[in-house]
S.K.: 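Dumping the structure here so I can ask a few things about it.
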Amino acid sequence: DVKVTQSSRYLVKRTGEKVFLECVQDMDHENMFWYRQDPGLGLRLIYFSYDVKMKEKGDIPEGYSVSREKKERFSLILESASTNQTSMYLCASSLIDSYNSPLHFGNGTRLTVT
Amino acid sequence: EDQVTQSPEALRLQEGESSSLNCSYTVSGLRGLFWYRQDPGKGPEFLFTLYSAGEEKEKERLKATLTKKESFLHITAPKPEDSATYLCAVGSSARQLTFGSGTQLTVLP
């Protein structure tokens, strides 16, 4: 079974802090994704990566950046956290494109920015 | 712009009471329609992929169907352990997956 591990289940940060969310997958998947999940809005794609050191913007990239230095690791960075970034963050991986193979999700990081 | 709408937002059923969840979509060039299940405190878990109108997939008490405009997730004789949020997502030629906001299903014993 594919395992996608997110380093923190809960995080509380202050406005203006730089925040790192880490994600590791163990199945040699090419593609990795960061989503945020908010009530009534569903999952929204922030960034994705289809290869090491490659990244593509999703639907809501503003205020975020990503890093993929190794194939198994995909990091989401909040350069200066704001209260409207309080959310559940979900990392996912897929073998190939997300519309051709299922996404495998981690259990999420619930981030609160105060 | 791809759009996915799920209904109802929430559904409460008695154990054994069959029902259906709806996912309607508008996309430019459907590549695939996905159903996921999400339990509280966990990430979504893949259930089905449907690629073309008329296709059906089954798994235990769940059956997913697809038309050109919508997909249904039929739940036959549900049990309390089927309680979860069910998410629908579509992939198109233009973009990565677009998710609906989900249907929260509660099955009462």
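The figures that follow rest on heavy atoms only: side chains count, while hydrogens, waters and symmetry mates do not.
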S.K.: Give the cluster check for A/M32 versus A/W34: same hydrophobic cluster or not, with ILVMFWY residues linked at side-chain heavy-atom distances below 4.5 Å.
M.R.: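 Both belong to a single hydrophobic cluster.
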S.K.: With heavy-atom distances below 4.5 Å as the criterion, would you say the side chains of B/P44 and A/L90 are in contact?
M.R.: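 B/P44 reaches A/L90 side chain to side chain.
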S.K.: Between A/R44 and chain B, which part of the residue has a heavy atom less than 4.5 Å away: side chain, backbone, both or neither?
M.R.: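 Neither part.
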S.K.: Is chain A contacted by the side chain of B/E9, its backbone, both, or neither, given a heavy-atom distance below 4.5 Å?
M.R.: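 Neither part.
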S.K.: Under a 4.5 Å heavy-atom cutoff, which of A/L41, A/L45, A/D38, A/N107 has the most pairs with chain B?
M.R.: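 Between A/L41, A/L45, A/D38, A/N107, the count favours A/N107.
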S.K.: Do you reckon A/I46 sits in the same ILVMFWY cluster as A/L103, going by side-chain contacts under 4.5 Å, direct or chained?
M.R.: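 No, A/I46 and A/L103 fall in different hydrophobic clusters.
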S.K.: Decide whether A/M88 and A/L11 are clustered together by the hydrophobic rule: side chain heavy atoms of Ile, Leu, Val, Met, Phe, Trp, Tyr closer than 4.5 Å, transitively.
M.R.: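 Shared cluster, no.
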S.K.: Under a 4.5 Å side-chain heavy-atom rule over Ile, Leu, Val, Met, Phe, Trp and Tyr, are A/Y35 and A/L76 clustered together?
M.R.: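 They do not share one cluster, since no chain of ILVMFWY contacts under 4.5 Å joins A/Y35 to A/L76.
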S.K.: Do other residues, nucleotides or ligands put more than 12 heavy atoms under 6.0 Å from B/E70 CD?
M.R.: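 Enclosed: over 12 neighbouring heavy atoms sit under 6.0 Å from CD of B/E70.
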S.K.: For A/L43, is it the side chain, the backbone, both or neither that has a heavy atom under 4.5 Å from a heavy atom of chain B?
M.R.: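 For A/L43, backbone and side chain are both near chain B.
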S.K.: Judged by atom type as modelled, is there a donor-acceptor pair below 3.5 Å linking the side chain of A/R110 to the main-chain atoms of B/G41?
M.R.: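 Answer holds: no.
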S.K.: If you look at every heavy atom in A/G40 and B/S101, which pair is closest and at what distance?
M.R.: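 Heavy-atom minimum between the residues: O-CB, 3.7 Å.
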S.K.: Less than 6.0 angstrom separating the ring centers of A/F105 and B/F46, yes or no?
M.R.: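 Not under 6.0 Å, so no.
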S.K.: Heavy-atom distance under 4.5 Å to chain B: side chain of A/Q37, backbone, both or neither?
M.R.: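 For A/Q37, the contact with chain B is made by the side chain alone.
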S.K.: Please flag which part of B/L30 lies under 4.5 Å from any non-hydrogen atom of chain A: side chain, backbone, both or neither.
M.R.: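 Looking at B/L30, nothing touches chain A.
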S.K.: Would you find a donor on one side and an acceptor on the other, under 3.5 Å apart, between the side chain of B/Y36 and the backbone of A/P102?
M.R.: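 Side chain of B/Y36 to backbone of A/P102: no pair is present.
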S.K.: Taking everything shown except B/R12 itself, do over 12 heavy atoms lie less than 6.0 Å from its CZ?
M.R.: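 Not buried by this count: 12 neighbours or fewer within 6.0 Å.
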S.K.: In this structure, would A/Y64 and B/F99 fall into the same cluster of hydrophobic residues linked by side-chain contacts under 4.5 Å?
M.R.: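 No, no single cluster joins them.
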